[in-house]
Amino acid sequence: MRKESHQFTRAGWWQRGFSRKRRKITKKCLPQLLSLQRYVLLAVAAVRKWKVKQMDIVTAFLYGIVEEEVYMVQPPGYEDGTGRVCKLNKAIYGLKQAPRCWYNRLASALEGIGFRASACDESLFLMGEGESLVLLLVYVDDILLFSSSDKEIDGVQRKLTEQFKCKSLGQARYYLGMHIERDTERGWLKLHQGQYINTLAEKYSLQEEREVVTPLPSEFKLIKAAEGEGVESEDQRQFQSMVGSLLYAAVHTRPDISFAVGQLARVVQNPTEEQCGAAERVVRYLKSYPTVGVQYSASAQLSQKGIEVVKEKGSSSEKERCSFPVLLMPRGLLSMRIHHQFVDTSAWWEVGL
């Protein structure tokens, strides 16, 4: 039995997770949506011309059933003077088990409708086959529904509305910070983060700066500063915040800045004035092309293609090898990783002899 602290306002009653005693939670929490899975489904939807609709569960965590004993003190202004505590039967916001409780509740409801969880990703649920196939992708309380039939999607939405308070958002247009644009006549689906990029430029007061056509200048060299030669702590914190924001864009829809941001991320502990200026240049580059993103074409065949581009630089005896494994699907990017490793080519030559 545990006694928890709480907060209570006119808006609701939630648990203060920061005041809890630390303990080990052995049960698995809410599965996180794999980025690759998201792009795969959108690429398949573009090729097969599936409908993609979106819905949102209102106050999702409040539907979760608490499986263990959790007690909370009575909220201020509602004490009965007995000193008794409240036993939680359902989850509330702030409870560390709330995401897991909500996922279990949703998974149970979906299984009752006829869905089955995917073996490779517990955020993905499937129902039916052929023309009646429906795919459901969930991230906490945001849900995407994929199907070739509007009737099948509407049926699922109607059944979920019977169990939860839901908002039907129609055709998916904005999901997890990404704009989803689609032209069914031309047969393409595009993802971009225009709104996020404009907000980022405004945050760092760069919206009026001159446009640039490359993330970094060709003469830029990454040189780590010696101890005490970096910028002030306030500028360092801003640089770290800027690099983190750029990483978010690079991971989702802007692979064109991945190399530049990866370089800057290596000096976040002690950046120089030049490196801070380079980070601002990357933001200016994004602001110059805010709606550039990842696009999938329906005219392409549904197949995967892996490409690895290798760039070597340095002296003839020691080179820094940068590899870029790229996974493509209908002319659109699914996944890309950048690896850095130092290669001693003279050792290779000696072994060859």
Side-chain angles (χ1 to χ4, degrees), residues 35-36 39 176-178 191-294 307-315 318-327 333-343:
S35 296
L36 183 60
Y39 296 126
L176 300 182
M178 297 187 300
L191 305 175
H192 70 84
Q193 292 174 281
Q195 181 177 335
Y196 175 78
I197 290 171
N198 291 330
T199 303
L200 187 63
E202 184 178 353
K203 176 181 178 181
Y204 297 108
S205 303
L206 298 172
Q207 64 271 29
E208 301 297 333
E209 294 291 329
R210 181 170 56 88
E211 296 182 355
V212 292
V213 296
T214 58
L216 292 177
S218 58
E219 65 274 11
F220 177 80
K221 293 183 179 180
L222 184 70
I223 301 176
K224 294 186 178 181
E227 190 68 27
E229 294 183 358
V231 296
E232 300 293 333
S233 58
E234 183 177 350
D235 294 333
Q236 178 185 353
R237 286 192 295 270
Q238 178 171 314
F239 177 82
Q240 293 170 344
S241 172
M242 190 178 298
V243 170
S245 301
L246 292 172
L247 279 171
Y248 182 79
V251 167
H252 287 82
T253 62
R254 297 303 298 262
D256 51 331
I257 66 169
S258 294
F259 179 79
V261 179
Q263 291 282 297
L264 297 173
R266 300 166 69 182
V267 294
V268 291
Q269 295 299 327
N270 190 27
T272 63
E273 289 286 350
E274 180 186 6
Q275 290 156 0
C276 290
E280 292 181 354
R281 180 188 172 98
V282 179
V283 177
R284 289 165 52 200
Y285 168 74
L286 291 179
K287 183 63 175 64
S288 302
Y289 310 97
T291 58
V292 170
V294 179
I307 302 175
E308 183 173 12
V309 181
V310 178
K311 178 182 179 182
E312 294 187 353
K313 59 181 181 178
S315 64
E318 182 177 294
K319 298 184 178 182
E320 184 181 4
R321 177 173 175 171
C322 306
S323 60
F324 303 78
V326 178
L327 182 60
L333 182 69
L334 290 179
S335 175
M336 182 179 77
R337 293 183 181 180
I338 300 178
H339 304 278
H340 300 271
Q341 58 181 347
F342 286 96
V343 180

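Below, all heavy atoms of this structure are taken into account, side chains as well, without hydrogens, waters or symmetry copies.
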Write down the atom of [X], the atom of [Y], and the distance for their closest heavy-atom approach.
X	Y	answer
Leu200	Ser245	CD1-CB, 3.3 Å
His252	Val294	O-CG2, 4.3 Å
Val283	Ala201	CG1-CA, 4.0 Å
Val268	Pro271	O-CD, 3.7 Å
Gln238	Glu280	NE2-OE2, 4.4 Å
Tyr39	Thr253	OH-N, 4.2 Å

Enter the distance from [X]:[atom1] to [Y]:[atom2] here, rounded to the nearest 0.5 Å.
X	Y	atom1	atom2	value
Leu286	Ile257	CG	CD1	4.5 Å
Glu232	Arg237	CD	CZ	10.5 Å
Cys276	Gln240	SG	CD	9.5 Å

Check your understanding: So which pairs with a foot in residues 268-290 pass ring-ring contact (aromatic ring centres under 6.0 Å, His included), sequence neighbours left out?
Key ->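 Residue pairs with at least one partner in residues 268-290: Tyr285-Tyr289.
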
Point to revise | Qualifying ring-ring contact (aromatic ring centres under 6.0 Å, His included) pairs, either residue in residues 191-244, two or more places apart | key: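 Sorted pair list: His179-His192, Tyr196-Tyr248.
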
Check your understanding: Partners of Asn198 by side chain to side chain contact (heavy atoms under 4.5 Å, CB included), sequence neighbours excluded?
Key ->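 Lys287, Pro290.
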
**Study point:** Listed partners of Glu202 passing side chain to side chain contact (heavy atoms under 4.5 Å, CB included), at least two apart
**Key:**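 Gln207.
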
**Study point:** Qualifying residues under side-chain hydrogen bond (donor to acceptor under 3.5 Å, both in side chains), relative to Thr272, sequence neighbours excluded
**Key:**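 Testing Thr272 for side-chain hydrogen bond (donor to acceptor under 3.5 Å, both in side chains), a comparison that skips the adjacent residues, returns Gln275.
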
Review point. Between Arg284 (side chain) and Leu206 (backbone), is there a donor-acceptor pair under 3.5 Å?
Key: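 Checking the backbone N and O of Leu206 against the side chain of Arg284, no donor-acceptor pair under 3.5 Å is found.
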
Donor-acceptor contacts, no H, no angles, side chain residues 211-218, under 3.5 Å, sequence neighbours left out:
unit_1: Thr214; atom_1: OG1; unit_2: Leu216; atom_2: O; d: 3.2
unit_1: Thr214; atom_1: OG1; unit_2: Arg281; atom_2: NH2; d: 2.7

Exercise for review: Determine whether Ile197 and Arg254 make a side-chain contact, defined as any pair of heavy atoms from C-beta on separated by less than 4.5 Å.
Suggested key: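 Yes, at least one pair of side-chain atoms sits under 4.5 Å.
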
